[in-house]
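Comments concern the structure below.
Please read these numbers as outputs of a predicted model, since none were measured by experiment.
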Amino acid sequence: MDLVGQTNRRRGWIVVVICFVALSFTFASRSSISMVLPIWATELGWSATEVSTGASLVLVMMALGSPIAGNFLDRFGAKAILTSGLLALGLGIGATSYVSETLFYYVLFGIIGGVGWASVSIPMVTAAVSNYFVKFRGLAIGIGVSGASGGQLPVLTLLGAMIAALGWRQSYQVLAVVMFVLATLVYLCLRPPLKEPNQRKTAETALENDGLVSRLGFLFANQTFLLLLGAFSLCGFTTAGVIDVYFIPYAITCGFTLVEGSAAYGIHGLGNLAGVILFSWLADHVNRPRLLASMFFFRAITFILLLFISIDISVMFVFAAIFGVLNFATFPVIANIVATHIGVRIIGLTLGLLFGGHSLGAAIGVVFGGLMFDLTAKYEFVWWLSAGLAAMAGVFAIFVKETRLPPVKDVLTDA
């Protein structure tokens, strides 16, 4: 058993590095929309609404595709899902470099690319890493998913310089090649975790007899899953739904320049990196439901701070740093809870469904924030509502009961 555990940890750290790099490029490629939007408006004559429609299609595909990808990951392993996702991204991004009509942009970037982003995402990486670790699971997850925050910053900077030097079409073609190279790397280097020989047959039989309907029935009858789904859906509204989209426009309405708002958002990204590592480590050592609840409650307080950033630029930077620390870090804590309360045996499907709820909450936040600004020309009500929803997410989290014992069925498959 010790030999199996050591082998899995060794393989697991290789997976962590690969996933860090993969998330760095996949998140940077999705964030590149903000850089090419003005170029497309000038060169192709596309409106901001047309460009944002393609970006919203990505969110829809992620919401729909994450549970499917998670279920496939549980059955066929991380190698198949991550490789397929990277290939889809290479195809979608590479083909987008040749488009001139919005219809092809919607299909290639929004739908095909959306499949790739659903397959190479934070929940899929979390599920992949979780299967290799027990003792260091939280830390390993934190390092792996931090590529989505800190890892994408240098990649996005490099991509911006490349677009300025080569143009967006050539830059997207280079990015597509990188995706194909990463897909090859995943296929060649990602090896599945080992199981004890006397446990393998029993575990495989359990999976064969455990259909999707029974898995879904189990999850939606599970109190922990429902509480986490509620909390993480509200989390999506307050992060990807409003902050990621409306923070910089709000900063501009408060009298700050685009450069100052972007700089604050960059600090938010660095806070993400620090928060993911810190809270992933804490999840291995403290009461996790209370930790998660405290993160949501503190997030609620930061929205109140956000209402006063016009006082001074330092207030805006303080908000960005604190909110960043509390943003991405919620997911590794949730994944750590899932691993022990529900089990790694169906962790892909579980995290995929949770991320689907998060994406749906984000989509609602995007629509609501835009509607409220159109009606009032202000964002203040959005921030007050977000504070209340973040506090409600904390209430959901605090009702989760702590236990670090894995489910009985999971003992058969967790190395």
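Listed for the Thr26 side chain is a donor-acceptor partner under 3.5 Å among the backbone atoms of Leu23. A donor-acceptor pair under 3.5 Å is formed between the side chain of Ser294 and the backbone N or O of Leu291. For Asp284 (side chain) and Leu139 (main-chain N/O), a donor-acceptor pair under 3.5 Å exists by modelled atom type. A donor-acceptor pair under 3.5 Å is formed between the side chain of Asn8 and the backbone N or O of Leu194. His285 contributes a side-chain N or O that, together with a main-chain N or O of Trp281, makes up a donor-acceptor pair within less than 3.5 Å. Put simply, the side chain of Asp74 gets close to the backbone of Gly348: a donor and an acceptor are under 3.5 Å apart. Although no hydrogens or angles enter the test, the distance criterion places no donor-acceptor pair under 3.5 Å between the side chain of His358 and the main chain of Leu354. Of the possible donor and acceptor atoms, one in the side chain of Arg169 sits under 3.5 Å from a partner among the backbone N and O of Ser97.
Using a 4.5 Å heavy-atom threshold, the side chains of Leu82 and Tyr187 count as separate. Between Leu219 and Ile346 there is a side-chain heavy-atom pair separated by less than 4.5 Å. Side-chain atoms of Leu89 and Trp117, non-hydrogen and from C-beta on, do get closer than 4.5 Å to each other. Using a 4.5 Å heavy-atom threshold, the side chains of Leu175 and Met162 count as separate. Proximity of Ile243 to Leu306: side-chain heavy atoms (C-beta onward) are separated by under 4.5 Å at one or more points. Taking 4.5 Å as the limit, every side-chain heavy atom of Arg10 sits out of range of all side-chain heavy atoms of Arg191. In this structure, Phe247 and Phe319 have side chains that are in contact, with non-hydrogen atoms separated by less than 4.5 Å. Side chains of Phe296 and Leu326 form no contact here, defined as non-hydrogen atoms less than 4.5 Å apart.
Val242 approaches Gly365 most closely through the heavy-atom pair CG1-O, 3.7 Å. Taking both residues in full, the closest heavy atoms of Leu229 and Gly357 are given as CD1-CA, 4.2 Å, listed atom of the first, atom of the second, then distance. For Ile14 against Cys189, the heavy-atom pair with the smallest separation is CG2-O, 4.3 Å. Of all heavy-atom pairs spanning Ala69 and Ala118, the tightest one is CB-O, 4.1 Å. Scanning all heavy atoms of the two residues, the minimum distance from Ser119 to Val115 falls at OG-O, 2.9 Å. Taking both residues in full, the closest heavy atoms of Ala335 and Ile347 are given as O-CD1, 4.4 Å, listed atom of the first, atom of the second, then distance.
Taking the centre of each ring, Phe232 and Phe396 stay at or above the 6.0 Å mark. The ring of Tyr246 has its center no closer than 6.0 angstrom to the ring center of Tyr250.
Rounding to the nearest 0.5 Å gives a distance of 10.5 Å between CD of Glu260 and CD1 of Ile309. With rounding to the nearest 0.5 Å, the separation of OG in Ser121 from CG in Leu351 is 9.0 Å. Taking CG of Leu292 as the start and SG of Cys235 as the end, the distance is 8.5 Å to the nearest 0.5 Å. Atom CZ of residue Phe331 and atom OG of residue Ser280 lie 11.0 Å apart, to the nearest 0.5 angstrom. Note: Thr350 OG1 to Leu353 CG = 7.0 Å, rounded to the nearest 0.5 Å. Note: Leu349 CG to Ser66 OG = 11.0 Å, rounded to the nearest 0.5 Å.
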**Request:** Apply side chain to side chain contact (heavy atoms under 4.5 Å, CB included) to Phe328 and Val145, showing your working.
**Result:** CA-CA 9 Å; Phe328 278 26; Val145 303; over 6 Å; no

**Prompt:** Step by step, would you call Phe180 with Leu86 a side chain to side chain contact (heavy atoms under 4.5 Å, CB included)?
**Reply:** CA-CA 7 Å; Phe180 290 135; Leu86 288 166; over 6 Å; no

**Request:** Decide ring pair (Phe, Tyr, Trp, His ring centres under 6.0 Å) for Trp40 and Tyr105; before the verdict, give the C-alpha distance in whole Å, the side-chain angles of both, and the deciding distance to 0.1 Å.
**Result:** CA-CA 11 Å; Trp40 286 349; Tyr105 161 61; 5.2 Å; yes

**Request:** Mind running side chain to side chain contact (heavy atoms under 4.5 Å, CB included) on Val338 and Phe225 for me, showing each step along the way?
**Result:** CA-CA 8 Å; Val338 167; Phe225 172 78; over 6 Å; no

**Request:** Please step through side chain to side chain contact (heavy atoms under 4.5 Å, CB included) for the pair Ile322 and Val318, ending with a clear verdict.
**Result:** CA-CA 6 Å; Ile322 297 174; Val318 169; 3.7 Å; yes

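Atom CZ of Phe298 has 12 or fewer neighbouring heavy atoms from other residues, nucleotides or ligands inside a 6.0 Å radius. For Phe297, the CZ atom counts as densely surrounded, since its 6.0 Å shell holds more than 12 non-hydrogen atoms of other residues, nucleotides or ligands. By the neighbour-count criterion of 12 heavy atoms within 6.0 Å, atom CD of Gln223 is sparsely surrounded, having that number or fewer from other residues, nucleotides or ligands.
A cation-pi arrangement, defined by a distance under 6.0 Å to the six-membered ring centre and an angle within 45 degrees of its axis, is absent between Arg9 and Phe133. A cation-pi contact links Arg30 to Phe27, judged by a cut-off of 6.0 Å to the six-membered ring centre and 45° from its axis.
Screening Trp384, Tyr379, Phe323 for a ring-ring contact (aromatic ring centres under 6.0 Å, His included) with Phe303, the sole residue that qualifies is Phe323.
For the 3.5 Å distance criterion, the side chains of Arg288 and Thr340 qualify, holding a donor opposite an acceptor.
Using a 30° and 60° split on the angle between ring planes, Tyr172 and Trp168 fall in the perpendicular class, above 60°.
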